[in-house]
Amino acid sequence: MKTKAKQLSAVQIKWLLAALAIILATHALNLPIWVITVSVLLGAWRTICISKPIFMPNRWLLVLLSLILGLLIVLSFKGLFGRDASLSLLVIMTALKLLETRSLRDYMLCIILGFFLVGNLFLFNQSMVTFALCAPPLLLLTAALVNTSTAQKPAFLLKLAGKLLLQSLPIMLVLFVLFPRIPGPLWGIPQDANSGMTGLSDNLQFGNISQLTKNSSIAFRVQFQGTIPPKNHLYWRGPVLWHQEEHSWLMASDNIGLPAEHLTVSGEATHYTMTLEPHNRLWLLLLDMPSSIPVNTKRTHDYSAVSNEPVRSRMRYDAVSYAHYTLEAQPLNERESIMALQITEGENPRTRALAQTWLNLSPAQKINTALKLFREQAFIYTLKPPLLGKDPVDQFLFNTKKGFCEHYATSFVYLMRAAGLPARIVTGYQGGELNPN
């Protein structure tokens, strides 16, 4: 004989609503306004249903709401892939789950979802402030969990929940001290498909980022032997991007066997020791321009230094660089010319047309004409540029004129290649912060 599922009391529903409301408040900065608004409205709907159960939606209405809100998330985030889109979907689905929560099973599922949402806070920030923000929702969720087995006054439930959480602290401290930690995150999560963080990569997705967040993580440390060079000489050379394919710029995969570019240096050498943080890629950072590279590494023909294995732990090495140098490969062989002039056919027609008018200019004139374009037109540097779709260079140069470093570097190199002048993108870091210790 099938037994009827135990129905929830009004008090239990109120505990659950209070706990999820606090969790939603802690995620206020991590969610779009419309997701917060919809979640609040769904919570208010469920609150009304406590006294008027007749307003509980049927299954087909919930399915329709799920489809509509899921579609809105896809349209807002250009898909469901990414941290921000996934969090928004989880919040909306949890709010919808409240509208069908009648039994103890549904109640327990909502509590589990609540604990999971609290953990999601650490995907955005791992500071002590975040840890403190977790305490109120954890206390309410635990009290709501205790309320499934004993009906007591709120003060008793909160006190018991507090005791349970305090009893878990020694276990947490033991795990924090004894649990092995590896360099880098224990798991990786994709950021929002249309946002990114400042930092260095071995590829560039031009126009696919609409919000760039400043990353304050340490990329490397350096100790100079002697006088520290001035800031305008502190460019830390990283991956060199040659290959262009639609919106992507990549390191050249076919540069093996190419003759090394000729390096002529002058002035005093800078001797230094680098401590590079793990980044799980092959490239190394060196002060522009390195005349020697670390042991157990190799130098590509364009003077990029690469390790034999991905850098998965801190790497310390000595190097020598010169601030004054000339790097040239004359004459370019056929392969180098193809690499340095390659652009995808049939894209960015306005940029190509503009560059065609520069064909009869000298290399210096082509460069100065492009720089004059950026200086005299109403270009704006911003970390929140609009997304660029088809023909991104055209859209940036002639329409939006808003972007950050990758927009300017990529469009400049594209203009040079379209004008018949070999060019590539050299990535890296500029400057650094002095450590007084």
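Side-chain atoms are counted along with the backbone in the values below, which use heavy atoms only and exclude waters and symmetry mates.
- Put simply, the side chain of Val222 does not reach to within 4.5 Å of the side chain of Thr273, judged on heavy atoms.
- The line from CD1 of Ile92 to CG of Leu31 is 8.5 Å long, rounded to the nearest 0.5 Å.
- Ile425 places none of its side-chain heavy atoms less than 4.5 Å from the side chain of Val240.
- The shortest non-hydrogen separation linking Pro385 to Lys402 is CB-O, 3.4 Å.
- Taking a 6.0 Å sphere around CD of Glu100, one finds it holds more than 12 heavy atoms contributed by other residues, nucleotides or ligands.
- Rounded to the nearest 0.5 angstrom, Leu241 CG and Glu406 CD are separated by 10.5 Å.
- A distance-only check finds no donor-acceptor pair linking the side chain of Tyr107 to the backbone of Leu16 [under 3.5 Å].
- Asp106 is linked by a side-chain hydrogen bond (donor to acceptor under 3.5 Å, both in side chains) to Lys97, Ser103, counting only residues two or more places apart in sequence or in another chain.
- In terms of modelled atom types and a separation under 3.5 Å, the side chain of Ser362 and the main chain of Gln365 share a donor-acceptor contact.
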Exercise for the section: Applying side chain to side chain donor-acceptor pair (under 3.5 Å), run through Tyr272 and Ser321 and close with a yes or a no. Expected result: CA-CA 8 Å; Tyr272 55 98; Ser321 296; 2.7 Å; yes
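- We find the CG-CE distance between Leu341 and Met339 to be 11.0 Å, quoted to the nearest 0.5 Å.
- By the side-chain hydrogen bond (donor to acceptor under 3.5 Å, both in side chains) test, Arg424 pairs with Glu261, sequence neighbours left out.
- The number of heavy-atom neighbours closer than 6.0 Å to CE of Met172, taken from other residues, nucleotides and ligands shown, is above 12.
- Across all their heavy atoms, Pro136 and Ile22 have their closest contact at CB-CG2, 4.2 Å.
- Put simply, SG on Cys110 and CZ on Phe115 are 12.5 Å apart, with the number rounded to the nearest 0.5 Å.
- Taking every heavy atom of both residues into account, Tyr235 and Val426 meet most closely at OH-O, 3.2 Å.
- A salt bridge is absent between Lys390 and Glu347: the closest approach of a Lys/Arg side-chain nitrogen to an acidic carboxylate oxygen does not fall below 4.0 angstrom.
- Using a 4.5 Å heavy-atom cutoff, the side chains of Leu117 and Thr94 are in contact.
- Side-chain contact between Glu277 and Arg221 is present, with heavy atoms from C-beta onward closer than 4.5 Å.
- Ring orientation note: the planes of Phe374 and Phe396 are tilted relative to one another, at an angle of 30° to 60°.
- A distance-only check finds no donor-acceptor pair linking the side chain of His324 to the backbone of Glu268 [under 3.5 Å].
- Within a 6.0 Å sphere centred on NZ of Lys14, heavy atoms belonging to other residues, nucleotides or ligands number 12 at most.
- With hydrogens and angles ignored, the 3.5 Å screen pairs no side-chain donor or acceptor of Thr297 with any backbone N or O of Ser307.
- With rounding to the nearest 0.5 angstrom, the OG atom of Ser88 is 11.0 Å from the CG atom of Leu72.
- With Arg417 contributing its side chain and Ala423 its backbone, the two residues share a donor-acceptor pair below 3.5 Å.
- Environment of CZ in Phe116: sparse, with no more than 12 heavy atoms of neighbouring residues, nucleotides or ligands closer than 6.0 Å.
- No option in Leu354, Val393, Asn348 other than Leu354 meets the side chain to side chain contact (heavy atoms under 4.5 Å, CB included) test with Phe398.
- No donor-acceptor pair under 3.5 Å is formed between the side chain of Asp288 and the backbone N or O of Trp236.
- Atom-to-atom distance recorded for Leu138:CG and Leu145:CG is 11.5 Å, nearest 0.5 angstrom.
- With hydrogens and angles ignored, the 3.5 Å screen pairs a side-chain donor or acceptor of Asn368 with a backbone N or O of Ala364.
- Side-chain atoms of Asp394 come within 3.5 Å of backbone N or O of Thr351 as a donor-acceptor pair.
- A heavy-atom distance below 4.5 Å is not found between the side chains of Lys163 and Leu166.
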Worksheet entry | Test log, rule side-chain contact (heavy atoms from CB on, under 4.5 Å), inputs Leu69 and Trp34 | CA-CA 10 Å; Leu69 293 173; Trp34 76 265; 4.3 Å; yes
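- Evaluation of the side chain to side chain contact (heavy atoms under 4.5 Å, CB included) rule for Pro230 yields Asn232, His233 as partners, not counting sequence neighbours.
- The shortest non-hydrogen separation linking Ala143 to Ala161 is N-CB, 3.6 Å.
- Judged by distance alone, with hydrogens and angles left aside, the side-chain atoms of Gln342 form a donor-acceptor pair with the main-chain N or O of Gln244 at under 3.5 Å.
- Taking the side chain as every heavy atom from C-beta outward, Leu373 and Leu415 approach each other to under 4.5 Å.
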task: Applying side-chain contact (heavy atoms from CB on, under 4.5 Å), run through Thr369 and Lys366 and close with a yes or a no.
output: CA-CA 5 Å; Thr369 302; Lys366 292 175 182 178; 5.9 Å; no
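- Nearest heavy-atom pair across Leu285 and Phe220 is CD1-CD2, 3.4 Å.
- In this structure, Leu173 places its CG atom where more than 12 heavy-atom neighbours from other residues, nucleotides or ligands lie under 6.0 Å away.
- Open room surrounds CG on Asn360; 12 or fewer heavy atoms of other groups in view lie less than 6.0 Å from it.
- No side-chain donor-acceptor contact under 3.5 Å links Ser39 to the backbone of Ala95.
- Between Val311 and Arg281, the closest side-chain pair of non-hydrogen atoms is not below 4.5 Å.
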Q: May I have the step-by-step check of side-chain contact (heavy atoms from CB on, under 4.5 Å) for Phe412 and Ile367, ending in yes or no?
A: CA-CA 9 Å; Phe412 177 82; Ile367 293 171; 4.0 Å; yes
Please report the C-alpha distance between Thr326 and Leu263 in whole Å, then the side-chain angles of each, then the deciding distance to 0.1 Å, and finally whether the side-chain contact (heavy atoms from CB on, under 4.5 Å) criterion is met. CA-CA 6 Å; Thr326 302; Leu263 175 66; over 6 Å; no
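- Between Trp283 and His279, the two ring planes are parallel [angle under 30°; tilted spans 30° to 60°].
- Within a 6.0 Å sphere centred on CZ of Phe131, heavy atoms belonging to other residues, nucleotides or ligands number 12 at most.
- The closest side-chain heavy-atom distance from Leu140 to Leu158 is below 4.5 Å.
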